[in-house]
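What follows is a short report on a single structure.
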Amino acid sequence: MSFRGLSRPNATSGMGVADQSKTTFLELQRKKTHRYVVFKIDESKKQVVVEKTGNPTESYDDFLASLPENDCRYAVYDFDFVTSENCQKSKIFFFAWSPSTSRIRAKVLYSTSKDQFRRELQGIHYEIQATDPTEVDLEVLRERAN
């Protein structure tokens, strides 16, 4: 049996999404009460839950510091920027953070649950899959948003 066959049950069942995760995302999206939200998979509950929120005054560096160095996470970040026409805009980025140093089981679990979780979050503008800090540099967001 191949490794791919072993991960199949997770791919079809995936992880549920805690109501708090959806509510917290809506607070970021509609009320701007959070700058970012970091989500983790709680294997015992078989759900994606909120691990941390950042208040609106927190910086992108604060957000990056909240991503674990050796474990996977999902995150959303509300990116404010000014266009070349000098208009203030905001775009929501979804991050699938999967550092190369994280456990294989975590990578598989986050990978197979991502699409289902992502569908629950309506209003995401861009998605970034990252395995190291260079892939989530602020310049990457600026380039994608403009």
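Counting from 1, the numbers follow the sequence of the chain as shown. Note: hydrogens, waters and symmetry copies are ignored here, and every other heavy atom, side chains too, is used.
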Between Tyr126 and Ile124, is there a side-chain heavy-atom distance shorter than 4.5 Å? no
Can you tell me how far CG of Asp19 sits from CD of Gln47, rounded to the nearest 0.5 angstrom? 7.5 Å
Test side chain to side chain contact (heavy atoms under 4.5 Å, CB included) on Ile41 and Glu43; report intermediate values, then the result. CA-CA 6 Å; Ile41 291 177; Glu43 289 190 63; 4.2 Å; yes
Are the side chain of Thr101 and the backbone N or O of Glu69 linked by a donor-acceptor pair below 3.5 Å? yes
If you apply the rule side chain to side chain donor-acceptor pair (under 3.5 Å), what do you find for Ser102 with Asp71, and how did you get there? CA-CA 5 Å; Ser102 53; Asp71 203 0; 5.5 Å; no
So Asp62 and Ser59, side chain to side chain donor-acceptor pair (under 3.5 Å) or not? Walk me through it. CA-CA 5 Å; Asp62 296 325; Ser59 71; 3.3 Å; yes
Is it true that a side-chain atom of Trp97 and a backbone atom of Ile128 form a donor plus acceptor pair closer than 3.5 Å? no
Determine whether Phe79 and Ser90 satisfy the following criterion, side chain to side chain contact (heavy atoms under 4.5 Å, CB included), listing intermediate values before the conclusion. CA-CA 5 Å; Phe79 179 61; Ser90 173; over 6 Å; no
Using only atom types and a distance under 3.5 Å, with no angle test, would you say the side chain of Glu58 pairs donor to acceptor with the backbone of Gly54? no
Between His125 (side chain only) and Ile92 (backbone N and O only), is there a donor and an acceptor less than 3.5 Å apart? yes
Among all residues two or more places apart in sequence or in another chain, which pass the side chain to side chain contact (heavy atoms under 4.5 Å, CB included) test with Thr57? Asn55
Using a strict threshold of under 4.0 Å (side-chain N to carboxylate O), is an ion pair present between Arg144 and Glu139? no
Evaluate the side-chain proximity of Phe95 to Tyr36: yes if any heavy-atom separation is below 4.5 Å, no if none is. no
Could you tell me whether a side-chain N or O of Glu51 sits under 3.5 Å from a main-chain N or O of Val37, the two making a donor and an acceptor? no
Taking atom NZ of Lys40 as the centre, report whether more than 12 heavy atoms of other residues, nucleotides or ligands fall under 6.0 Å from it. no
Between Asn86 and Val82, is a side chain to side chain contact (heavy atoms under 4.5 Å, CB included) present by the stated rule, with each step listed? CA-CA 6 Å; Asn86 210 25; Val82 177; 3.3 Å; yes
Mind listing the closest non-hydrogen atom pair of Asp137 and Tyr60 along with its distance? C-CE2, 4.2 Å
Non-hydrogen atoms of Lys114 and Phe94 that approach each other most closely: CG-CE2, 3.9 Å
Treating Glu135 as the side-chain partner and Asp132 as the backbone partner, does any N or O pair qualify as donor plus acceptor under 3.5 Å? yes
Please tell me whether Phe93 and Tyr77 form a close aromatic pair, meaning their ring centres lie under 6.0 Å apart. no
Ion pair Lys89/Asp80, N-O distance below 4.0 Å: no
Would you check if the distance from the ring center of Tyr110 to the ring center of Tyr74 is below 6.0 Å? yes
What distance separates Thr24 OG1 from Lys31 NZ, expressed to the nearest 0.5 Å? 10.5 Å
Is there side-chain contact between Phe39 and Arg73, with at least one heavy-atom pair below 4.5 Å? no
Evaluation steps, side chain to side chain donor-acceptor pair (under 3.5 Å), between Thr23 and Glu27: CA-CA 6 Å; Thr23 303; Glu27 290 170 353; over 6 Å; no
Side-chain contact, heavy-atom cut-off 4.5 Å: Val136 with Leu64? yes
Test of understanding: clusters of I, L, V, M, F, W, Y form through side-chain heavy atoms closer than 4.5 Å, transitively. Do Leu67 and Val76 belong to the same one? no
Just wondering, do Lys32 and Asp78 contact through their side chains at under 4.5 Å, heavy atoms? yes
Hydrophobic clusters here meaning ILVMFWY residues chained together by side-chain heavy-atom distances under 4.5 Å, can you tell me if Val38 and Val50 are in one? no
Please assess Ser100 against Lys107 for the test side chain to side chain donor-acceptor pair (under 3.5 Å), listing each intermediate value before the final yes or no. CA-CA 9 Å; Ser100 54; Lys107 290 179 193 179; 5.8 Å; no
Show your reasoning for whether side chain to side chain contact (heavy atoms under 4.5 Å, CB included) applies to Phe63 and Arg35. CA-CA 8 Å; Phe63 165 67; Arg35 171 65 57 200; 6.0 Å; no
Are the side chain of Ser21 and the backbone of Val48 linked by a donor-acceptor contact shorter than 3.5 Å? yes
Does the side chain of Gln116 come within less than 4.5 Å of Met15's, by heavy atoms? no
